Amino acid sequence: MKLESLCLHAGYSPENGQPRVLPIAQSTTFKYASTAEVAKLFDLAEAGFFYTRLGNPTVDAVEQKIAALEGGVGALCTSSGQAASMLAVLNLAQSGEHLVSASSIYGGTFNLFAVTLKKLGIEVTFVDQTASDEELEKAFRPNTRAVFGETLTNPSMDVLDIARFARLAHRHRLPLIVDNTFATPWLLRPLEHGADIVVHSATKFMGGHGAALGGVIVDGGRFDWAASGKFPQFSEPDPSYHGLSFTQAAGPAAFAARARAILLRDMGATLAPLHAFLFLQGLETLSLRVERHVRNALAVVDFLRGHPRVERVNHPCLPESPSHALYKKYFPHGGGSIFSFEVKGGAAEARSCIDRLRIFS
Ligand code: PLP
């Protein structure tokens, strides 16, 4: 596909690259002029689309937008946030290898790491993200392949010290993956603090309307895969992709290129074009919604904190929060609309509070 027709297909002006309209490319396949054209696409010698499992113009538009929001060199959408975390780690670790992960993470990710990856032969050591460097060092092994954490943890709302975790990971020539779902790039851009890969459940704030499930992996483009010596899958010829080396073919975007060419190809956890369109619409209002979410949450946190039947409120904006110092460092514009609170009494009082809660939706 020629660049001009590609631009038109994706709704961009070939003159200035600006979006004209964004059609939903509701198509599994595309039309090609010649075998040579398809060969170039297949060899990653030219950007383009040859099958929607691997790439699609509407999905590409959302990938480019999220990569720009996070400050990455490329991105890859997935069918859910869960798939984004799974593909991000499977791009780095295989059976017999090991990951270090913060223990304070979304329950679904914890389960993926503790149970499913274990069955696939990948072991995960969970660490307390507030532990000292000396303690954290003990979790690393010669076969460790990545470090994982959440910028704002689900549901405890702890703040990850991204710069410290990045330093630790890099000391071992390993990348840091962070899940930035709760913060969104509007509040925090983890790549600017040393993270290498960012994942999201786009299902939440990016979509914004509860209408579509999806995820995204953003490639920071700065990790030197060849120099690390631990990731031959990026620098060595890949026999399942006719001997292509991803660092040679895709340069700094080797991580995203391999996740797409190998993992989306083989596992098929692809975002549908229609859902990509819904995410693009959601992203239009990300800044407005997140700003309002944060403001509303802080007002409710304030109300609950002064309530006589509330024992404790968990949000890092509160001075009593163990994450307050990190919150001030990483969230100058406020952080996160999620919080939890404990009612006075026990399980019966908690249940009664939830059952009597009226929410508007
Ligand atoms: N990461 C975080 C922080 C989440 O909260 C969730 C879902 O709640 C996920 C990942 C998984 O995302 P999805 O539900 O889109 O698969």
Side-chain angles (χ1 to χ4, degrees), residues 10-11 19 22 24-25 55-88 105-106 108-109 148-155 157 160 162 177-193 195 197-220 256 259-260 264 269-297 330-331 333-339 361:
L22 187 78
I24 304 170
N56 169 284
T58 315
V59 179
D60 176 62
V62 77
E63 289 169 343
Q64 288 192 32
K65 188 173 270 195
I66 296 172
L69 284 169
E70 284 287 9
V73 295
L76 173 85
C77 280
T78 56
S79 53
S80 66
Q82 202 60 13
S85 302
M86 180 185 69
L87 296 193
I105 52 173
Y106 166 57
T109 313
F148 186 97
E150 287 177 5
T151 51
L152 270 176
T153 64
N154 176 0
M157 288 294 281
L160 182 75
I162 304 167
I177 309 173
V178 294
D179 182 330
N180 198 30
T181 300
F182 274 19
T184 81
W186 174 248
L187 295 174
L188 176 69
R189 289 158 43 110
L191 299 175
E192 290 173 357
H193 298 279
I197 309 294
V198 177
V199 296
H200 278 275
S201 167
T203 315
K204 313 281 157 34
F205 297 102
M206 289 191 172
H209 300 85
L213 213 74
V216 65
I217 302 172
V218 181
D219 185 344
R260 183 185 304 283
L264 274 191
T270 304
L271 184 71
L274 185 58
H275 283 191
F277 173 77
L278 293 173
F279 289 134
L280 282 160
Q281 284 212 318
L283 286 167
E284 300 278 330
T285 56
L286 181 74
S287 60
L288 297 171
R289 285 184 290 103
V290 170
E291 190 240 301
R292 195 66 65 87
H293 274 308
V294 170
R295 217 179 333 137
N296 287 345
Y330 287 105
F331 290 97
H333 308 295
S337 54
I338 319 276
F339 58 87
S361 168

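Note: hydrogens, waters and symmetry copies are ignored here, and every other heavy atom, side chains too, is used. All values reported here derive from a predicted model rather than from experimental measurement.
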Practice problem: Please identify each residue that fulfils ring-ring contact (aromatic ring centres under 6.0 Å, His included) with Y330, with sequence neighbours left out. | Solution: H193

Practice problem: List for me each residue that meets salt bridge (charged side-chain N to carboxylate O under 4.0 Å, His left out) alongside R292, sequence neighbours excluded, and say none if there are none. | Solution: none

Quickly, which of [options] forms a side-chain contact (heavy atoms from CB on, under 4.5 Å) with [X]? Name it, please.
| X | options | value |
| --- | --- | --- |
| Q82 | V199, T203, T109, L213 | T109 |
| V218 | N180, I197, L191 | L191 |
| L188 | L152, V178, I162, V198 | I162 |

Exercise. Verify side chain to side chain donor-acceptor pair (under 3.5 Å) between H200 and E70, making sure each step is shown before the conclusion.
Key: CA-CA 11 Å; H200 278 275; E70 284 287 9; 2.7 Å; yes

Taking the side chain as every heavy atom from C-beta outward, state whether [X] and [Y] have any pair of such atoms under 4.5 Å apart.
| X | Y | value |
| --- | --- | --- |
| V62 | T58 | no |
| I105 | D179 | no |
| T153 | Y106 | no |

For [Y], does its backbone N or O pair with a side-chain atom of [X] as donor and acceptor, under 3.5 Å?
| X | Y | value |
| --- | --- | --- |
| E63 | C77 | yes |
| T285 | G282 | yes |
| R260 | L76 | no |
| N154 | F182 | no |
| T181 | S201 | yes |
| H209 | G207 | yes |
| D219 | A256 | yes |

Quiz item: salt bridge (Lys or Arg N to Asp or Glu O under 4.0 Å) between K65 and E284: does it pass, once the steps are laid out?
Solution: CA-CA 10 Å; K65 188 173 270 195; E284 300 278 330; 3.4 Å; yes

